[in-house]
Amino acid sequence: MRILVVGGGGREHALCWKIAASPLCDRLWCAPGNAGIEQVADCVAIGVEDLDGIVRFAREHAIDFVVVGPEAPLVAGLVDRLKEAGIAAFGPDAAAARLEGSKSFMKEICDAAGIPTARWQRFADSAAAKSFARTLGLPVVIKADGLAAGKGVIIAETIEDADRAIDDMLVGKAFGAAGAEIVVEEFLDGEEASFFALSDGTHILPLAAAQDHKRAFDGDRGPNTGGMGAYSPTPLVDAAMQQRIVGEIIAPTVRTMAARGTPFRGVLFAGLMIGRHGPKLLEYNVRFGDPECQALMVRLKSDLLPALIACHDGGLDHLDLRWHDATALNVVMAARGYPGAYEKGSEIRGLDRAAQQKNVQIFHAGTQRDGDRILATGGRVLGIVGIGRDAAESQACAYAGVDAIDWPGGFCRRDIGWRAIGAAKT
Ligand code: AMP
């Protein structure tokens with residue numbers, strides 16, 4: 001098969017690495033890709049939001065199957081456009097991608113399906129939003145309805161902060177059209193985890209759970225980022241908890257989406273708060289997580305491609321995936337300054353040495369080749385995945401890889417996986 005992967009981050013490097021190893025894959029392209037993806041795929045300079053360009057490329061190159069990495073093209077309808085052109089793709093169509101594209105839509109599905117989630121209401125009027133916020137207690141959570149690149153969620157500790165967040169979104173248009181409507185919801189206590197499951201619209205194939213670290217600095221301090229590291233599995237989600245997540249959250253979602261005539265095909269990435277009362281759904285994403293995907297792909301023993309194809313064709317119930325009985329832990333290396341302003345163009349050395357470390361897999365996120373040199377071009381630049389028997393061993397492997405890299409322009413956290421390592425000790 002001739003495969004095209006859309007995206008250019010660490011998630012897409014991990015997907016390309018796995019797909020390139022599939023006996024079903026004859027040729028692999030990636031749009032736009034990066035310096036790491038180049039080692040396993042032909043990179044083409046088409047941006048992920050250039051839907052016309054992607055469809056044209058897929059037609060001209062007789063692509064059999066497109067795998068869409070990021071959410072923006074899914075929400076914008078890339079899979080619908082490819083379908084019109086007769087090209088099969090992995091990922092939901094625009095109607096099903098609303099699970100990520102609209103927080104209030106996702107909440108309506110929760111209500112219709114009886115899925116446990118925070119109490120909520122949707123508002124376009126700030127006075128009404130403020131008065132509802134006062135009924136929920138503190139802290140209270142204010143969310144822009146649409147896609148806001150992970151920045152549209154405010155946890156307000158005081159009623160003044162809640163009022164300001166509501167006014168910023170609804171009156172000040174801080175998130176533009178994405179914040180023309182907002183969701184005001186109850187704050188949930190507990191520990192966060194992610195769960196990933198594939199669906200063909202009818203059937204579910206559970207993948208695995210993961211936990212990530214969103215804050216920039218050690219001890220989960222500092223500003224929020226796209227994710228500074230992740231690991232899978234997590235002690236927070238054992239077999240019994242997985243059964244509850246699938247039974248109480250994933251299965252009713254898939255059933256309800258199908259009953260509404262908008263079946264979900266692709267990967268459901270559930271952001272969960274796990275507390276005393278069991279798992280509650282914080283949000284859905286309709287694509288793999290980055291940095292979680294890198295850890296999942298390293299753990300996955302089976303060929304990924306047939307499962308992605310089954311999400312499109314149906315028959316996911318006939319598939320079974322095998323996993324390494326190990327923990328994979330991904331440490332993100334970012335450019336100094338990230339998530340604020342950072343420099344581009346610094347050189348990264350020592351990648352070959354790092355790749356030779358035992359039980360280490362390196363994925364590129366924001367890199368570009370310049371002759372023989374690899375340059376950092378993004379905020380999050382590399383993901384160094386260690387694999388080991390448990391979180392402690394996989395962490396040691398990942399940091400051995402990190403320490404072999406010579407990149408003065410970069411930084412990483414030194415404590416990825418601390419919760420899982422602590423849980424194993426107690
Ligand atoms: P979301 O994009 O909806 O997942 O929100 C981003 C982050 O905000 C989540 O990963 C949580 O850390 C936090 N968050 C969102 N909603 C809630 C909530 N209702 N209660 C507590 N924390 C929340």
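What you see is a predicted model, and the numbers here were worked out from it, not measured in a lab. Just follow the structure's listing: the first ligand is 1, and inside any ligand the first atom is 1.
The contact shell of ligand 1, taken as protein residues with any non-hydrogen atom closer than 4.0 angstrom, comprises Lys103, Ala118, Val141, Lys143, Val153, Ile155, Glu185, Glu186, Phe187, Leu188, Glu192, Met273, Leu282, Glu283.
Within the structure, the ring-ring contact (aromatic ring centres under 6.0 Å, His included) test picks out the following pairs touching residues 155-202 (sequence neighbours left out): Phe196-Phe269. Within the structure, every pair that satisfies the salt bridge (Lys or Arg N to Asp or Glu O under 4.0 Å) test and touches residues 237-254, not counting sequence neighbours, is listed here: Arg244-Glu248.
Partners of Gln294 by side-chain hydrogen bond (donor to acceptor under 3.5 Å, both in side chains), not counting sequence neighbours, listed by chain and number: Asp290.
A perpendicular orientation is assigned to the rings of Trp17 and Phe363, their planes being inclined by more than 60° (bins at 30° and 60°). Between His13 and His364, the ring planes lie perpendicular to each other; the angle is over 60°, past the 30° to 60° tilted range. By the 30° and 60° cut-offs, the orientation of the rings of Phe90 relative to Phe288 is parallel.
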